[in-house]
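Written out below as structure tokens is the structure these notes cover.
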Amino acid sequence: MSPEQKVALRRLLQQPRNFRSLAFRARIILECDSGQNNAAVAAKLHTTGCTIGMWRNRFITGGIAALGDEVRPGAPRQIGDDGIERAVRLTLEEAPRGATHWSSRALAARTGLSQSTVSRIWRAFGLRPHRSETFQLSNDPLLVDKVRDIVGLYMNPPHHAMVLCVDEKSQIQALSRSQPILPMLPGQAERRTHDYQRHGTTSLFAALDIATGSVIGKCWPRHRAIEFRKFLDRIDRVVPADLAVHLVLDNYATHKTKEIRKWFLRHPRYRLHFTPTHSSWLNQVERWFAMLSQRQIKRGSHYSVRELESAIAEFISIHNQAPKPFVWTKNADAILNSIGRFASRTLAVHSAKQYVRNQ
């Protein structure tokens, strides 16, 4: 295999979900290039030896182009490439009058295609105009150093030490629905009213052990440095005294007060690793918070703060009976390259819009 083919195959591994079959075939060829036989590659990729042999032979015969799908029998295509290109270009580059994004019916009326054809074109190119996501680029000057530091802890944890991801989920509301919840029935999803009553809030302090997945958690009525110091004392009692402790924290002011700094000076076995600004996704406990919200809080109905805190404590207790750690798979270079590509694209879009405004 030539170096150019290897580069092209690695690019195919980064295809979106719509093209994951092509990415899987590229992974097969790259694994075969390592010198393994069909059975070994099949066992590693959880497929059959016949599948490995078929794509190996097709690559040998036709190269990377042979990894695509062959032309399938059926009626000839009635829409030309120009019509498809126009639909894709309008979706990406223009917006309809009086709206922020295209609907399939609006684009069909504009292009003269049918609504189902527009939907098929969007699915083929992975376009979803109805979806929108949020983002925030970090402006931390130490972004690179902090990413390498924290990801290094996750992928190569230090020996005879414990790595804890610590954060707070503040202002968790104890909410009860205004009417009783109707339970799920065959053919009918669970139903609840859209309005609710508030019964107070609590703040959860949690520390996730990245090696075991177990969680140390405690709720307090308020979210201050006093409560954070009490939580640090709780961690210090639980963690064996002969272990060094690495804490992954965000940049919240509560973590950097004078009282907290004095606490860490009195406990030299603790080492702090702060996430970059606007990069809380680096803290694994945030993923655990999402799991807590999804499985216990979001659909719960609690008539008091004490009832809410009991539900949280029950979730932590059950979770710790069979903890499972999160597996961090993306190294620091891959993360920084992704951020760099995203930043370059953001800058290009911003520059183009600024140029249009100045004309």
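Numbering of residues begins at 1 and proceeds along the displayed sequence.
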D250 vs F274 side-chain heavy atoms within contact, under 4.5 Å: no
Co-members of the apolar cluster containing V144 [side chain, <4.5 Å]: L143, V147, I150, V151, L153, Y154, M155, V163, I210, V248, W281, L282, W328, I335, L336, I339
Salt bridge E31-K44, side-chain N to carboxylate O under 4.0 Å: yes
Residues which pass ring-ring contact (aromatic ring centres under 6.0 Å, His included) with F24, listed by chain and number, not counting sequence neighbours: none
Salt bridge K169-E286, side-chain N to carboxylate O under 4.0 Å: no
Distance-only donor-acceptor check, side chains Y270 and D236, under 3.5 Å: yes
Side chain to side chain donor-acceptor pair (under 3.5 Å) between S34 and Q36, worked out: CA-CA 6 Å; S34 63; Q36 303 179 71; 3.0 Å; yes
By side chain to side chain contact (heavy atoms under 4.5 Å, CB included) - contacts of A334 (at least two apart): K330, N331
Side-chain donor or acceptor of D167 paired with backbone N/O of A207 under 3.5 Å: no
K262/E259 ion pair, N-O < 4.0 Å: no
Ionic contact status for R229 with D233, cut-off 4.0 Å: yes
Donor on one side chain, acceptor on other, Q296 and H319, under 3.5 Å: no
